[in-house]
Amino acid sequence: MRSTSPWFPKIILGLVLLAVGAVYAQVVTFHFLPFWDDDTNIHRNPLYAPLSWSSVALFWKGPFQQLYIPVTYTAWAGLVALSRIVAGTTISFGPINAALFHGANLLVHLFSVAMVFLILRRLLTAHAQRQGVSSGRILSAAAIGALTFGLHPVQLETVAWVSGLRDLLGGAFSLASIELFLSWLDARAHRSGFNWLRYAGATLLLLLAFGSKPGTVVTPALALVCGLWLLKAEARRFGVLLWLIPWFLCAGAEVVMTSHAQPAAELARSLVPVWARPLVAGDALGFYLGKLFWPLPPWGLCADYGRAPNFLFAAGTLYLSWLIPAVVVAALCAFKRLRIYLLPCALLAIGVLPTLGLIPFNFQVVSTVSDRYLYLGMLGPGLALALLALRGNAVIRGTIVALLVLVWAVLSLIQLPCWAAGEVFFPAILERNPTSWKSRHNYACTLDAQGKFPEALREFNEAIRLRPSNAEAYNDAALTLLKLGRRQEAIQFFQQSLQVRATAGAARNLAAALLMSGNPAEAAKVYRLAMQIDPGDLQNQRALAWLLSTHPDDSVRSGTEAVDLSRSIVVTTGGQVPLFLLTYAASLAESGDFDSAVSVAGQSAAAYRASGDNPMGEMVEQRIIPAFRAHQPIRDNPAK
């Protein structure tokens, strides 16, 4: 095999990263998608406001929001802290900069592209070492494969969506662990020093992958397939691959932990009988193959394909669509020259295995398939294009694959702006999939946030029509009705939401609506119901304490109970939440302890200023504290 300059691989890799970075550079100008997980994961995450070491530690102690991904949540916490440092506020409270999050996504994706390049270079070198192929051609083929991984339009969702960092980090750590494991195999062949440090490092990266995204449990299987290819090409024994057994044991433990962390997957499990799961998996594989070959209209890419199992049953496609991957595999097996492409197919199938539906998962209620699930599996298509470029006539095949990569880059540039903000994101989904109840609901929320209340209400009603069991749609529609001044209708919608599925948030909103309608006694009952539904939701406890402290009706107030409730939430949050402190001060004033009320109100004002909310800090200092000093408790009548 003819060698090249030692600088040539670095130059090739640099050009690959430059091309991918140029295509995706615009993502740093994109916004959060607040109604597509970015809100619950980041800017409305209660553990980021206030942000502290103790709140970050909670991510490591157990599942949060039905996922145990402490590495990802910790990375987001670091970006939240950096946002606030840049803004000049305290780390505990302050603004969150979307550009930093999108920039992090892009950097992690570039790292993954680099890992794919190194993996493909290693595999192709072993494959072509006895065929007289130049190292320059091998590097070019590896670059084609890395560009396929980095630029194919199916990667848009993962890179352009802030919450996609879960898949990006998981994929990056997984690919890095595979590359380090393969380098360990090569080092053993050459008796290189520090062998076991490589294996230990690969294992550490594996555990970081598990802590970033549960779907990376397939990493040991991917490493096994790549290791088999490498050792077979080098005519070496396979016994060394027994060192992957600890990896598989860790993966088994991760599967058990994830299944316990996702009780909501029981709903998906009830929708898909065991006998149908292989058919669902076959449909998903066929669907993904279609997207890889034709990511264009009229069957273009979409963030919500709505391809849930019940859709497959209703459409009747479940019994035929599995034939697509079966025919592809049969064709590859039938022709000897094509059998080498079974390996890329295996990598693709293994990469998406956790979300094929063989084991039900949460999002399957919406759709079994999603572009982001392909992220790690795209190592397979990358290898396929690299092999295509490596084998046969270099000019002809090189031109074909180069044109393909160029087309994918252009398609990515065209479709990327759809992820810029909610007002363009959701209409793009609904154009592709008008029956997406989830996107219809979230688009309504986006319109509501823009002050377009009548338009939002129409979208909410359509979302409810598409899925009457969507309790959140009733709740959010009720909030829009409140803004339109239609309180009684809002109360009815809140009640319907609670009938469909009782949540603490809907109960709290119903209580607020009752307060505005002049029914404080009933509101207090509903707040207590909300506390029973979710004892950990401190906002309900705070709202009840405020009502008991400040309502003008003497029969409603109870200073003693309010002090107990508000003191509890202040202690729980370490006295860092300004609104909780203000509520505690109001309850102390109601109970007659005005000196303590003045002291706690001062702490509240300081906390508001520290969080960057100077107007609230000034209001507490200039209006509330003087009133407490004059022995005047707060009176607040929401009905006025």
Side-chain angles (χ1 to χ4, degrees), residues 67 69 112 116 119 149 154-155 157-158 166-168 170-175 177-178 181 206 209-210 212-229 241 244-245 247-259 261-262 265 268-269 272 274-292 305 307-309 312 318 321-322 324-326 328-329 332 341-364 367-384:
L67 283 176
I69 50 172
S112 294
V116 169
I119 292 171
F149 177 92
V154 298
Q155 301 288 47
E157 176 176 359
T158 313
R166 295 171 295 193
D167 306 88
L168 290 167
F173 285 128
S174 176
L175 292 166
S177 69
I178 293 170
F181 177 77
L206 175 77
F210 289 172
S212 303
K213 176 74 175 180
T216 56
V217 292
V218 298
T219 304
L222 293 171
L224 176 63
V225 172
C226 292
L228 286 170
W229 166 291
L241 295 177
L244 284 173
I245 291 177
W247 285 27
F248 279 101
L249 293 175
C250 291
E254 175 68 14
V255 170
V256 172
M257 182 184 301
T258 300
S259 63
Q262 291 194 357
R269 188 172 289 112
V272 192
V274 175
W275 65 265
R277 292 176 192 174
L279 298 179
V280 171
D283 174 84
L285 286 172
F287 184 85
Y288 287 137
L289 287 173
K291 293 303 173 186
L292 290 173
Y305 293 109
R307 207 171 180 84
L312 298 177
L318 184 68
S321 52
W322 64 272
I324 297 174
V328 170
V329 171
L332 294 179
Y341 292 101
L342 289 170
L343 175 66
C345 290
L347 293 176
L348 173 64
I350 292 171
V352 297
L353 184 62
T355 53
L356 287 180
L358 294 172
I359 299 177
F361 56 97
N362 283 356
F363 192 71
Q364 199 174 8
S367 180
T368 301
V369 294
S370 180
D371 292 347
R372 64 183 181 274
Y373 297 151
L374 275 169
Y375 189 76
L376 186 54
M378 281 298 293
L379 176 62
L383 177 58

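Along the sequence shown, the residues carry numbers beginning at 1. What you see is a predicted model, and the numbers here were worked out from it, not measured in a lab.
From L348, atom CG reaches atom CG of L376 across 10.5 Å, with rounding to the nearest 0.5 Å. Note: L343 CG to L228 CG = 9.5 Å, rounded to the nearest 0.5 Å. Atom-to-atom distance recorded for F149:CZ and I119:CD1 is 9.0 Å, nearest 0.5 angstrom. L244 contributes atom CG, which lies 9.5 Å from atom CG of L206 (distance to the nearest 0.5 angstrom). Here SG of C250 is found 12.0 Å from CD1 of I245. Values are rounded to the nearest 0.5 Å.
Remark: T216 pairs with no residue by the side-chain hydrogen bond (donor to acceptor under 3.5 Å, both in side chains) rule, at least two apart or across chains. Residues meeting the side-chain contact (heavy atoms from CB on, under 4.5 Å) test with C345, sequence neighbours left out: L332.
When all heavy atoms of I350 and A221 are compared, the closest pair comes out as CG2-CB, 3.8 Å. What you find for T158 and L168 is that their closest heavy atoms are O-CD1, 3.4 Å. The minimum heavy-atom distance between G170 and S212, with the atom names listed, is N-CB, 3.5 Å. Taking each heavy atom of R166 and K213 in turn, the nearest pair found is O-CB, 3.3 Å. Pairing each heavy atom of S177 with each of S174, the nearest pair is OG-O, 2.6 Å. Scanning all heavy atoms of the two residues, the minimum distance from T368 to P309 falls at OG1-CD, 3.7 Å.
Between T219 and F248, the closest side-chain pair of non-hydrogen atoms is not below 4.5 Å. Proximity of Q364 to V280: side-chain heavy atoms (C-beta onward) are separated by under 4.5 Å at one or more points. Between R277 and L356 there is no side-chain heavy-atom pair separated by less than 4.5 Å.
Counted by atom type alone, Y305 and D371 present one or more donor-acceptor pairs between their side chains at under 3.5 Å. Side-chain atoms of Y375 and S112 form a donor-acceptor pair, as typed in the model, at a separation below 3.5 Å.
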Run the side-chain contact (heavy atoms from CB on, under 4.5 Å) test on M378 and L292 for me, step by step, so that the C-alpha distance in whole Å, both residues' side-chain angles and the decisive distance to 0.1 Å come before the verdict.
CA-CA 9 Å; M378 281 298 293; L292 290 173; 3.4 Å; yes

L241 and F181: side-chain contact (heavy atoms from CB on, under 4.5 Å), yes or no, with the steps?
CA-CA 10 Å; L241 295 177; F181 177 77; 4.0 Å; yes

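Annotation for W247: atom CH2 counts as buried by contact number, over 12 foreign heavy atoms lying within 6.0 Å.
The side-chain tip of R372 points at the ring of F363 from less than 6.0 angstrom away and within 45° of straight on.
Here the side chain of T258 pairs no donor or acceptor atom with the backbone of V255 at under 3.5 angstrom.
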Show me the donor-acceptor pairs within less than 3.5 Å that the side chains of residues 282-290 make with the rest of the protein, sequence neighbours left out.
| unit_1 | atom_1 | unit_2 | atom_2 | d |
| --- | --- | --- | --- | --- |
| D283 | OD1 | R307 | NH2 | 2.9 |
| D283 | OD1 | S321 | OG | 2.6 |
| D283 | OD2 | R307 | NE | 2.8 |
| Y288 | OH | S370 | N | 3.1 |
| Y288 | OH | S370 | O | 3.4 |

